[in-house]
Peer 1: 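Here it is: the structure, laid out below.
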There are 2 protein chains.
Amino acid sequence: MLAVIEPASRHSRGMQLRQREVAERIKQYILHNRLGPGDALPTEAELCAAVGASRSSVREAIKTLTALDIVEVRHGHGTYVGRLSLAALVESLVFRGLLSREDDYRVLAELIEVRQTVEQGLAASIVSAFDDDLRSELSRLADQMDERAKAGEPFIEQDREFHLLLMKPLGNELIIQLTAAFWDVHAIVAPTLHTTPESVRETVAAHHAIVEAAAAGDRERFIAAVEAHYAPVRRHLREKRGL
Amino acid sequence: MLAVIEPASRHSRGMQLRQREVAERIKQYILHNRLGPGDALPTEAELCAAVGASRSSVREAIKTLTALDIVEVRHGHGTYVGRLSLAALVESLVFRGLLSREDDYRVLAELIEVRQTVEQGLAASIVSAFDDDLRSELSRLADQMDERAKAGEPFIEQDREFHLLLMKPLGNELIIQLTAAFWDVHAIVAPTLHTTPESVRETVAAHHAIVEAAAAGDRERFIAAVEAHYAPVRRHLREKRGL
DNA sequence: CTCAATTTGTCCGTATGTATC
DNA sequence: GGATACATACGGACAAATTGA
């Protein structure tokens with residue numbers, strides 16, 4: 001359980017900030033008790049008593065941990081271990097992207113390079129882990145993109161699912177979450193960047209090409225298809241940044 | 001400036017949580033005024049007046065933004081725009097790593113795959129951007145690792161610098177920060193994982209091999225050298241997880 | 001459905017630590 | 001050292017959400 005410390009040393013010493021210490025203690029509590037996402041934490045009152053801090057300090061520490069999705073708070077219900085998602089990365093990168101967007105879209109350009117690098121770097125693994133089930137699922141998504149593109153409708157949901165499914169066979173949860181995070185940032189920072197009919201066709205065609213290359217077990221072609229996939233966005237970015 | 005809202009609607013409606021709204025407003029303030037890292041934000045008191053919330057709510061919102069390094073607070077001095085680092089990603093991944101460490105080191109294994117994927121995925125760019133200056137700097141670091149390894153001393157500083165320098169010529173700030181973040185997580189979660197004399201020699205040799213492959217402009221050899229670089233850690237991980 | 005209990009969310013007042021001049 | 005401005009911390013009170021009797 002939580003060891004009680006003497007509140008006597010409240011405002012003394014070169015003690016690190018109160019909340020930092022409290023946050024650290026809460027993390028230790030989770031680790032020590034081997035709690036997982038969804039497990040209940042002590043109430044605020046209990047935490048206050050346990051660490052000898054005021055409710056304000058405890059709440060601010062919890063706020064920090066909430067931002068990192070280490071804890072999750074449900075109003076009127078309690079405090080729980082969080083889902084440990086990469087929500088913090090997304091929010092952080094989105095903000096950076098929005099800041100640079102006004103000027104030069106630098107962060108977005110860098111983000112696209114990262115996305116492409118990861119997908120190309122995993123080309124060999126993706127291609128070798130490719131099977132018929134995955135092929136049919138990805139083909140279906142690419143077809144849906146086709147239809148929606150012809151109807152002038154957006155297809156962001158299909159696009160997100162496509163790029164996540166591509167990574168799924170690798171069995172690396174971190175890669176999947178990073179892929180999702182980067183995709184989310186991209187979608188928020190550049191919601192309507194590549195919307196000319198021509199570049200949309202190009203993008204949809206690239207998805208088909210990616211599936212075919214993977215199905216053929218052709219790593220080189222897969223890499224080329226990924227390159228082609230990001231080409232339209234890159235082009236639009238160059239135009240924007242060129243102004 | 002910050003638009004004043006009527007505090008009349010304080011506790012009314014299905015209004016989103018107060019702090020969420022306050023945090024959003026602070027971010028908008030930064031974006032709207034095009035502030036950058038280090039620029040000053042209004043004081044807590046001014047923020048309270050501007051958004052019509054109490055100090056507690058404003059402080060908790062600031063705590064959230066601080067965790068994301070969007071704002072930075074200097075005690076007794078003021079509140080400023082943060083450095084927009086990936087500190088939140090590091091803290092988040094470190095905690096996940098510590099949680100999984102007790103059981104199966106799963107997160108660490110996945111992290112290593114990500115590091116290797118990024119370095120290998122960028123092989124072509126790294127090799128083509130390689131020049132003599134970089135070569136001599138990296139060689140110097142590898143030599144230092146050699147010496148320290150023979151003396152039985154750690155060489156984490158040199159290792160970190162090595163992997164960051166490798167990425168520098170690419171001119172992609174995001175890649176550099178991600179590389180640093182992943183390295184930091186690795187170092188914290190597995191501080192003493194590959195410490196047998198043999199694997200240390202192997203690791204040091206791999207750094208030399210990476211430099212030579214890059215200098216020779218040989219992308220394939222570079223990829224192989226990176227593979228060899230992570231081989232010892234992988235091996236130790238398999239042993240740990242096999243138990 | 002109403003009521004009460006529990007728990008988090010917000011506000012206020014006050015005191016203290018910290019940095020600048 | 002003193003004065004000022006600011007963030008940090010505490011404690012109490014009440015509002016809002018959730019659960020269950």
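All values reported here derive from a predicted model rather than from experimental measurement. We name chains A, B, ... by the order of the sequence lines, and we start the count at 1 in each one.
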Peer 1: Taking the nucleotide of DNA chain D with the nearest heavy atom to each, does B:A45 or A:G76 sit closer to the 5' end?
Peer 2: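 Final value for this comparison: B:A45.
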Peer 1: Below 4.0 angstrom, N of the basic side chain to O of the carboxylate: do B:R106 and B:E110 qualify?
Peer 2: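 Salt bridge: yes.
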Peer 1: Between B:K240 and B:D104, does at least one N-O distance fall below 4.0 Å, as a salt bridge requires?
Peer 2: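 Judged by the 4.0 Å cut-off on N to carboxylate O distance, B:K240 and B:D104 do not form a salt bridge.
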Peer 1: Is any side-chain heavy atom of B:L47 closer than 4.5 Å to a side-chain heavy atom of B:Y29?
Peer 2: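 No, every pair of side-chain atoms sits at 4.5 Å or beyond.
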Peer 1: Determine the contact category for A:H77: base if any of its heavy atoms lies under 4.0 Å from a base atom, sugar-phosphate if only primed atoms, P, OP1 or OP2 are that close, otherwise nothing.
Peer 2: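 The residue A:H77 makes sugar-phosphate contact but no base contact.
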Peer 1: Starting at NE2 of A:H75 and ending at P of D:dA15, how long is that distance when rounded to a whole Å?
Peer 2: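 Nearest whole value for this atom pair: 13 Å.
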Peer 1: Taking atom P of C:dT16 as reference, at what distance in whole Å does atom CZ of A:R18 sit?
Peer 2: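 Checked: the CZ to P distance equals 16 Å.
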Peer 1: Roughly how many Å is it from CD in B:E44 to P in C:dC12, rounded to a whole number?
Peer 2: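 To the nearest whole Å, that distance equals 14 Å.
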Peer 1: Could you give the CG-to-P distance, from A:L47 to D:dG11, as a whole number of Å?
Peer 2: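 Rounding to the nearest Å, CG of A:L47 and P of D:dG11 are 15 Å apart.
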Peer 1: Please state whether the phosphate of D:dA7, meaning OP1 or OP2, lies under 4.0 angstrom from any side-chain nitrogen or oxygen of B:R59.
Peer 2: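 Looking at the OP1 and OP2 atoms of D:dA7, neither is under 4.0 Å from any side-chain N or O of B:R59.
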Peer 1: Base, sugar-phosphate alone, or nothing: which one does B:S56 contact when heavy atoms must sit under 4.0 Å apart?
Peer 2: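 It contacts base atoms.
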Peer 1: Answer yes or no: does a side-chain N or O of A:S57 lie under 4.0 Å from OP1 or OP2 of D:dC10?
Peer 2: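 Result: yes.
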Peer 1: State whether B:Q19 places a side-chain N or O below 4.0 Å from either non-bridging phosphate oxygen (OP1 or OP2) of C:dT10.
Peer 2: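 Yes, within the criterion.
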Peer 1: Is there a side-chain contact between B:K27 and B:I30 in this structure, where contact means two heavy atoms from C-beta onward sitting under 4.5 Å apart?
Peer 2: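 The answer is no; the side chains never approach within 4.5 Å.
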Peer 1: Can you find a heavy atom in the side chain of B:E21 that is under 4.5 Å from one in the side chain of B:R18?
Peer 2: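 Yes - at least one pair of side-chain heavy atoms lies under 4.5 Å apart.
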Peer 1: To the nearest angstrom, how far is B:R55 atom CZ from C:dT16 atom C1'?
Peer 2: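 In whole Å, C:dT16 C1' and B:R55 CZ are 14 Å from each other.
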Peer 1: Please give, in whole Å, the distance from D:dA5 P to B:E46 CD?
Peer 2: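 Result: 12 Å.
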Peer 1: In whole angstrom, give the distance that lies between atom NZ of B:K63 and atom P of C:dT10.
Peer 2: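 After rounding, the gap between these two atoms is 16 Å.
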Peer 1: In whole Å, I'd like the distance from the CZ atom of A:R20 to the C1' atom of D:dA9.
Peer 2: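 So the CZ-C1' distance, A:R20 to D:dA9, works out to 16 Å.
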